[in-house]
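Note that the numbering runs from 1 along the sequence shown for the chain. As the structure is a prediction and not an experimental result, all values here were calculated from the model.
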Amino acid sequence: MNNSRYALDDKQVNDISLKDLAKRSRYGGVFYLLAFWSAVFSSATAREHLDIIGLFSGGFILLQIYRLALFFKVFSSHDIDYPSYFSRYAFIYNSSAIVWVSGSAWLFYINPIVDLAVTINMMAAAGISIGGITVLAPSYKIMRTYWLLICLPFALAAGVFLDEPGNLIVVGLILGYGLFILMTGKQQNRAYWQALNDNLKLSEQAEELEKAKIAAELAGQAKADFLSSMTHEIRTPMNGVLGMAQLLAMGDLNEKQQQQVTVINNAGRTLMHIINNILDYSKINAEQLELEKVAFSPRNVVDEVMLLLSPQFEQKPIVLTCAIEDIPEIVHGDSFRLHQILYNLVGNAFKFTDDGAISIEVTSKQSDDDKNVILSFAIRDTGIGISSEEQQQIFEQFYQVNHFNPNIRGTGLGLSITQRLVELMGGTISVESEEGVGSTFTIAIPFALTVPSVFKESLESGSTLTKPDLPTNLHVLLAEDNKVNQMICEQFFFKLGCSVDLVETGVMALERFNGSQHYDVIFMDCNMPEMDGFSTTVAIRQIEKSKGLNQTPVIALTAHVEEDIKRQCLDSGMNAFISKPFLFEDLEFIVNKVRAGMRNEITLKEVSKKS
């Protein structure tokens with residue numbers, strides 16, 4: 001074996017090549033035996049010497065048994081003495097060559113006349129025996145020794161024991177074929193080691209790439225976890241900042257104070273928008289963003305986007321309109337991501353429009369698949385417009401079209417995230433724009449038409465959560481341990497005409513619920529001492545089930561925005577999810593839903609549109 005020209009570890013190479021040699025040669029003795037029998041039993045003279053035939057056959061059989069025994073040892077031993085095992089295989093092949101040449105010489109001796117039958121048998125026997133050289137490609141040393149022991153003595157025996165002049169022809173054929181096989185074997189030896197070298201290098205590169213991939217995934221996960229943790233820590237105090245600013249704005253302020261509070265509100269909303277974009281950007285890059293498959297009404301999503309953004313349009317002379325053509329009432333897909341896409345596009349249009357109008361136009365068309373429909377949403381504005389050059393770049397990460405107005409700022413992630421969300425949903429996004437005239441962003445997203453009956457029934461007719469006669473003055477149970485959040489929520493509820501009972505732990509919430517008081521809705525913080533919001537909700541649902549009560553809506557209040565936390569909220573029995581910092585209109589949205597007796601329409605995605 002010669003592998004000096006390959007940069008491989010000796011032990012690794014020896015292990016691979018020895019096992020490969022063991023696999024290649026484990027049944028070789030059987031073919032030697034069959035070839036020998038084919039040659040001797042075709043000769044009437046040889047058939048008379050069964051004792052000699054049996055002697056040679058026994059030699060082949062013993063060598064075959066040794067091959068199999070050696071094969072099992074190679075694959076069962078953990079600590080292999082490689083030189084010893086290669087020496088054993090050299091012994092097997094050298095012995096096989098000696099037995100074969102001896103048997104052939106005996107056959108030549110008793111059949112000296114070179115006729116057609118002898119020529120065919122001898123050349124077939126020579127071809128089978130010499131052809132075995134190629135099996136020894138893993139070890140050129142064993143191959144060369146085997147060739148010397150089988151080819152030259154074979155030719156010599158033919159020259160000595162066969163009659164002239166045919167013996168010279170047979171000798172020439174054996175030597176010529178033998179040299180050809182030796183050269184071929186040498187080429188196969190080189191090709192074998194080169195292939196082995198390449199495979200091992202590829203394996204090493206694959207391992208390095210796998211390690212790099214794992215390291216990158218861990219780094220991405222660490223980044224995502226860090227951003228998730230930081231956004232959670234930022235959201236809690238931001239809830240205090242935005243909440244108090246909103247409460248101040250609702251008070252009796254002079255013009256200057258109102259302006260100051262408006263600045264605080266706008267700055268806080270902008271900061272939360274940036275935080276949300278960064279978090280989504282991290283999730284998309286880490287491939288951790290998962291799409292939901294739920295039944296929803298596209299009309300409701302558009303209405304909620306307009307309702308959520310309507311307060312902003314009071315700040316500019318801009319009219320927000322909507323035109324919805326004949327579209328399906330119910331589709332199947334991710335309503336939350338559709339809400340986020342529309343919110344981003346309309347908000348972006350508002351940012352670059354000082355006056356005029358912004359419209360949302362919704363149309364539908366049948367897709368190639370009868371089970372799907374393609375909904376198209378066109379957001380038109382009369383803003384500053386985008387040049388043809390910049391239209392090629394606006395979807396790039398961190399790119400900002402802000403040179404028209406130095407007061408317009410952003411992260412440059414909004415449109416990039418929107419494009420990637422649309423593509424994740426299997427849709428397309430395009431833009432048409434003219435500077436000074438306005439822009440039109442159009443998205444086309446496929447949604448499934450097939451809706452399970454359970455979803456359709458819940459959306460159309462209501463569920464067991466609905467109570468027919470709800471009081472206008474809702475009685476709210478608020479479970480929240482943060483003092484600032486308690487103050488903000490309590491005052492928000494008072495302004496919405498609700499009465500509030502306040503508790504600080506899950507245990508206290510459970511005691512209140514299990515008491516004599518009736519609550520129309522429960523707002524539950526997820527992280528509380530003694531008993532968290534998840535466990536408390538599970539316990540509340542068990543009480544309701546044991547007493548045969550209708551379920552009271554439970555709305556999660558938390559600074560967590562991860563998908564698994566949202567899923568945990570639903571799994572524990574909660575009906576909706578509001579992420580901190582929340583706005584007055586978020587609580588107003590929920591309260592109005594409950595008042596209207598539409599609790600069944602409060603889904604996780606509808607309420608968590610800002611997360």
How about [X] and [Y]: do any of their side-chain heavy atoms sit closer than 4.5 Å?
X: Met306; Y: Phe313; value: no
X: Phe513; Y: Thr552; value: yes
X: Ser439; Y: Ile379; value: no
X: Phe492; Y: Ile488; value: yes
X: Ser364; Y: Ser376; value: no
X: Met244; Y: Ile264; value: no
X: Ile386; Y: Phe441; value: yes
X: Leu478; Y: Leu557; value: yes

Is a donor on one side and an acceptor on the other found under 3.5 Å between the side chain of [X] and the backbone of [Y]?
X: Gln366; Y: Asn372; value: yes
X: Asn575; Y: Val554; value: yes
X: Asn592; Y: Glu588; value: yes
X: Ser535; Y: Asp532; value: no
X: His475; Y: Val500; value: no
X: Asp525; Y: Met528; value: no

Shortest non-hydrogen contact between [X] and [Y], atoms and distance:
X: Ala245; Y: Val261; answer: O-CG1, 3.0 Å
X: Pro328; Y: Leu449; answer: CG-CD2, 3.8 Å
X: Ala444; Y: Ile374; answer: CB-CG2, 3.9 Å
X: Pro298; Y: Leu375; answer: CG-CD1, 3.7 Å
X: Cys322; Y: Val302; answer: SG-CG1, 3.5 Å
X: Asp334; Y: Arg337; answer: OD1-N, 3.0 Å

Donor-acceptor pair between Arg380 and Thr440 side chains, under 3.5 angstrom | yes
Is any side-chain N of the basic residue among [X] and [Y] closer than 4.0 Å to the acidic one's carboxylate O?
X: Glu504; Y: Lys483; answer: yes
X: Lys580; Y: Asp586; answer: no
X: Asp501; Y: Arg512; answer: yes

Using distance only, find each side-chain donor-acceptor pair of residues 249-256 under 3.5 Å and give its atom names and separation, not counting sequence neighbours.
{"unit_1": "Asn254", "atom_1": "OD1", "unit_2": "Lys256", "atom_2": "N", "d": "3.2"}
{"unit_1": "Asn254", "atom_1": "OD1", "unit_2": "Gln257", "atom_2": "N", "d": "2.7"}
{"unit_1": "Asn254", "atom_1": "ND2", "unit_2": "Gln257", "atom_2": "OE1", "d": "3.4"}

Quiz item: cation-pi between Lys293 and Phe447, 6.0 Å / 45° | no
Are Lys316 and Phe350 in a cation-pi contact, defined as NZ or CZ under 6.0 Å from the six-membered ring centre and within 45° of the axis?
->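 Yes, Lys316 sits over the ring of Phe350.
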Are Phe296 and Phe336 an aromatic pair by the rule of ring centers under 6.0 Å?
-> no
Gap between atom [atom2] of [Y] and atom [atom1] of [X] - 0.5 Å precision:
X: Phe584; Y: Gln491; atom1: CZ; atom2: CD; value: 11.5 Å
X: Ser499; Y: Gln517; atom1: OG; atom2: CD; value: 8.5 Å
X: Glu480; Y: Cys526; atom1: CD; atom2: SG; value: 10.0 Å
X: Ile578; Y: Thr558; atom1: CD1; atom2: OG1; value: 11.5 Å
X: Leu415; Y: Leu345; atom1: CG; atom2: CG; value: 6.5 Å
X: Asp354; Y: Ile318; atom1: CG; atom2: CD1; value: 7.0 Å

Would one find more than 12 heavy atoms of other residues, nucleotides or ligands at under 6.0 Å from atom CD of Glu423?
-> yes
Apply side-chain contact (heavy atoms from CB on, under 4.5 Å) to Met531 and Thr505, showing your working.
-> CA-CA 6 Å; Met531 182 182 247; Thr505 68; over 6 Å; no
